Amino acid sequence: MIKRMFTGLLCLAATVFLAAVAPAPAHADNPIVQTIYTADPAPLVHNGRVYLYTGHDEDNSTWFTMKEWRVYSSADMVNWTDHGSPMSLATFSWASQDAWAGQVVQRNGKFYWYVPVVNRATGRMAIGVGVASSPTGPFTDALGRPLVENGEIDPTVFIDDGGQAYLYWGNPNLWYVRLNTDMISYSGSATKIPLTTAGFGTRTGDANRPTLYEEGPWVYKRNGLYYNVFAAKCCSEFIAYSTAPGPTGPWTYRGTVMPTQGGSFTNHAGIIDFNGGSYFFYHNGALPGGGGFTRSVAVEKFTYNADGTIPQITMTTGGAPQNGTLNPYARQEAETIAWSSGVETERASEGGMNVGFLENGDYIKVKGVAFGSGATSFSARVASGTSGGRLEVRLGGPTGALAGTCAVPGTGGWQAWTTVTCPVGGATGTQDLYLRFTGGSGYLFNVNWWQFAGAARTTEARSR
């Protein structure tokens, strides 16, 4: 898993990494997932949260080696909860490899995940559909076969105001079909969108690819205008966009959204509006060991120009500003993370995920925690297959003010859970919280959830 490479590289090259990627660990929020390599972000807004669907680049990959998809969610754009992998290649009995870039849309009270995979029977890329009743899954194969297959990739789905849904996909071409309301069938046949230089810009040096369009379309509508944001000109790619008066065109090329940047030769965009702000998701190679086949998802906040055009956006390590605060008096999942060092996640026997594989000095940052008039105690659900360790509650940084320390005992197993509680002081106002894990050598303990209590606060456990 990424932790072994991540922590090893941090030990060997921490100074270089922090200077090049982040001013300091306390200030870095991009990439937004540090526990694994993620790629191809596809955000979805649902019930006051942003659900982020990604691919998963395997450690040490020298190709696009991807076997599953992952889901994260956030209510504030900085603290992201890991929901694990609700869909993988094994979901599709007819698929053999390549769990590549997809997108989730909601309709009919269900969530549909459109993904490209290799059809075992034909050896070609095909588009499959997973379906779930929850945004976090689990997803099952909606059809038992491909929805559409022509050897091309990167599906995106858009539902127009009148209810007509469109599936777009393609590399090297750009296709669409009109989906029926069941979202798992379509009317008519696949239509190829003309890739003209007026519609998608001019590429030089490749007679077979006269336009900038490469792959990864993301289609949406805003203020009556249709946008197609796509990866342009391989390789290295940049993000460009076109607009149209209708969902099928005619398209007009508008320019660059994100220039070629970062350590990955590919990029992949997703754009949403959430709680009054606009957000641009992308991937780069910014984590230790990162590159073109070990990518990481990041996000930036932006504002459309007055005429509806998209400004040029630059990759940052700071990421998007926090949209709201986090309530520490409600039970919070330990895998809700703004930044982490040396941490991995895994399925918990009590449901959901837990953080684990924790060693001395590893930590989790939770940003913008609203303690109000002050917390008096801290509780955490923990398990240890060894002799445990200490869970330090710190404020402002991984070595910041020590608010309290909970002793974690050995519990007889890594999924043998118990709750520990310790007094805390100084946790007032809104501060960044750091949970630092200390002890002897080797793995110390796992953490499933945590919660603060205060004199004027309820301690009833509630999930966000």
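The structure displayed is predicted, hence computed values, not measured ones.
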Hey, is [X] close enough to [Y] for a salt bridge, meaning N to O under 4.0 Å?
X      : Y      : value
Lys365 : Asp29  : yes
Arg381 : Glu350 : yes
Asp432 : Lys367 : no

From Tyr253, Tyr226, Tyr227, residue fulfilling side chain to side chain contact (heavy atoms under 4.5 Å, CB included) relative to Thr243 |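 Of Tyr253, Tyr226, Tyr227, side chain to side chain contact (heavy atoms under 4.5 Å, CB included) with Thr243 is met by Tyr227 alone.
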
Hey, would you say the Phe281 and His268 ring centroids sit under 6.0 Å apart?
->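 Here the rings of His268 and Phe281 have centres that are no less than 6.0 Å from each other.
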
Would you please indicate if the ring centroids of Phe238 and Phe230 are separated by under 6.0 Å?
->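 Judged by ring-centre distance (under 6.0 Å), Phe238 and Phe230 do not meet the cut-off.
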
Which residue pairs satisfy the salt bridge (charged side-chain N to carboxylate O under 4.0 Å, His left out) criterion with at least one member in residues 205-217, sequence neighbours excluded?
->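 Qualifying pairs, neighbours excluded: Arg203-Glu214, Arg209-Glu214.
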
With sequence neighbours left out, write down each residue that passes salt bridge (Lys or Arg N to Asp or Glu O under 4.0 Å) with Arg394, or none if nothing qualifies.
->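 Applying salt bridge (Lys or Arg N to Asp or Glu O under 4.0 Å) to Arg394 gives Glu392.
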
Going by distance alone, is a donor N or O of one side chain under 3.5 Å from an acceptor N or O of the other, for [X] and [Y]?
X      : Y      : value
Gln103 : Asp154 : no
Asn354 : Gln415 : yes
Thr81  : Thr336 : yes
Ser278 : Asp273 : yes
Tyr53  : Asp40  : no

Taking the side chain from Ser264 and the backbone from Thr266, do they hold a donor-acceptor pair closer than 3.5 Å?
->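 Yes, the answer is positive, given that a donor and an acceptor are paired below the 3.5 Å cut-off.
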
